[in-house]
Amino acid sequence: MHMVATPAHLLSTAVALDNEMVLRIRNDFPILHRSVNGRPLVYLDSGATSQNPLSVLEAEQEFYEQRNSAVHRGAHHLAVEATEAFEDARETVAAFVGADPDELIWTSNATEGLNLLSYSFLNASLPGAPADAARFALAPGDEIVVTEMEHHANLIPWQQLADRTGAALKFIPVDDAGALDLDAAAGLIGSRTRVLAFTHASNVLGTINPVQTLVSLARAVGALVVLDACQSAPHLALDVKALDVDFAVFSGHKMLGPTGIGGLYGRSELLNAMPPFLTGGSMITTVTMERAGFLPSPQRFEAGTQKISQAVALAAAANYLSETGLSRIHAWEAELGRRLVEGLEAIPGVRVLGPGAGQERIGLAAFDVAGVHAHDVGQFLDSRGIAVRVGHHCAQPLHRRLGLTASTRASTYLYNTTDDVDAFLDAVSGVRSYFQA
Ligand SMILES: Cc1ncc(COP(=O)(O)O)c(C=O)c1O
């Protein structure tokens, strides 16, 4: 099998990351060397989409140059190699999140993974659904519990499922410090709860949620647990089995991979009992004009031609992250996150959302600048080559809870230096005077 170029940063993973090593890491990311508006790019929007190292770009190109073919069908040489590369990628990415290969379903992104679940549960709720799908069925009187800090991707699919089945949707509130109200959670999760869906880490607050506590509450009442790992899989060592969740979703483009690929983890016995969402080619055993039988997981949920080159490239991204070491990536981002929060809190008129300085968070910070709209803040920063995200970050209910309609978010990754954070802080400190706020 083709070997991609060794990343330039490879060092002993026992050594903590520092600016010098990060500068070497940056050499693997061509886009970080471009300029924007006449300034060197300072990319602080990895929470939305991360950048790709050369090994990822090369893996996708190599696939198209050498192996491009449909998988699981052809008898010819290229088809065999493409199938091997596709399934090797599954093995790599499954191991990356602590799953077995047959427990990882390729999706386009986390949004599709969550929709896949909600539509499968809907199919299980319809009259005539197979008996072994009963554990996923919802009906009036049942409850789905989410949290007030969810990204719309982990809210709207459950709203839709509740609407269509007559189940009720409940939410665990967020306190003023940006943490989940766990007393309220204990009161909400009860005998009617069939599904508990929550984010591992908030894309706005940076809060890391207490998975173990929430899973215990769900287990005590036999509810299914769905984890949105979009903001955790790229940044900390994720082990879905150790976390004991039933399902987890993540997006490749947030973890150095290409767009158009993501993963849905599900416990094997659940996936094999769950009715499929999309149906068609490649997911069947036998088809007559009246009926079809379905393959076991993962093919059961992978109808049609798959995202093959993207899966191969995502495996290269997982390898890059593993070789760098998730624990040192997490530690470096925690340091950048601390610097961000402390720096922002020191700027008059800036309110940081979520845990304050000194409290655990992933390496991002969303904030409000008194008297200046987030879009103006974003444009001001962009004119200095600094890329951040502005708006409600697909979390309108959370912003409403915080008394805001929009905020500005800076999010770091393994390729950001403390100089990036300082350039950003320096620019933010000039926002209010520029806008005379
Ligand atoms: C916490 C969280 N969940 C879900 C998503 C949706 O990811 P995607 O748009 O890749 O499906 C995001 C993306 O920002 C996110 O941050």
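Residue numbers run from 1 in the order of the sequence given. Whatever order the structure lists ligands and atoms in, that order sets their numbers, starting from 1. Everything quoted here is computed from the prediction, not taken from an experiment. Excluded from the calculations below are hydrogen atoms, water molecules and symmetry mates; all remaining heavy atoms, backbone and side chain alike, are included.
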Within the 4.0 Å heavy-atom shell around [X], which atoms of ligand 1 are there?
{"X": "Asn203", "result": "16 (O)"}
{"X": "Ser251", "result": "7 (O), 8 (P), 10 (O), 11 (O)"}
{"X": "Gln231", "result": "1 (C), 15 (C), 16 (O)"}

Could you check [atom] against the protein and tell me its nearest heavy-atom contact, residue, atom and distance included?
{"atom": "atom 1 (C) of ligand 1", "value": "Asp228 OD2, 3.5 Å"}
{"atom": "atom 15 (C) of ligand 1", "value": "His151 CD2, 3.3 Å"}
{"atom": "atom 11 (O) of ligand 1", "value": "Thr111 OG1, 2.5 Å"}

Any His200 heavy atom less than 4.0 Å to ligand 1: no
Lys254 to ligand 1, any heavy atom closer than 4.0 Å: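 In this structure, Lys254 qualifies as a contact of ligand 1 - some heavy atom is under 4.0 Å.
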Expected output: side-chain Arg24 to main-chain Asn27 donor-acceptor under 3.5 Å: no
Glu150, portion touching ligand 1 at heavy-atom distance under 4.0 Å: neither
Residue part near ligand 1, for Thr199, under 4.0 Å between non-hydrogen atoms: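 Looking at Thr199 and ligand 1, just side chain atoms fall under 4.0 Å.
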Under 3.5 Å side-chain donor-acceptor pair for Thr147 and Glu150: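 There is such a pair between these side chains.
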Salt-bridge criterion met for Arg26 and Asp420 (N-O under 4.0 Å): yes
Aromatic centroids of Tyr413 and Phe29 separated by under 6.0 Å: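 No, the ring of Phe29 stays outside the 6.0 Å limit from the ring of Tyr413, centre to centre.
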Side chain to side chain donor-acceptor pair (under 3.5 Å) contacts touching residues 166-190 (sequence neighbours left out): Asp176-Arg401
Sequence neighbours excluded - side chain to side chain donor-acceptor pair (under 3.5 Å) pairs with any residue from residues 197-213: His200-Ser232
Single hit among Phe301, Tyr119, Phe136 for ring pair (Phe, Tyr, Trp, His ring centres under 6.0 Å) with Phe277: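 One option only clears the test, and that one is Tyr119.
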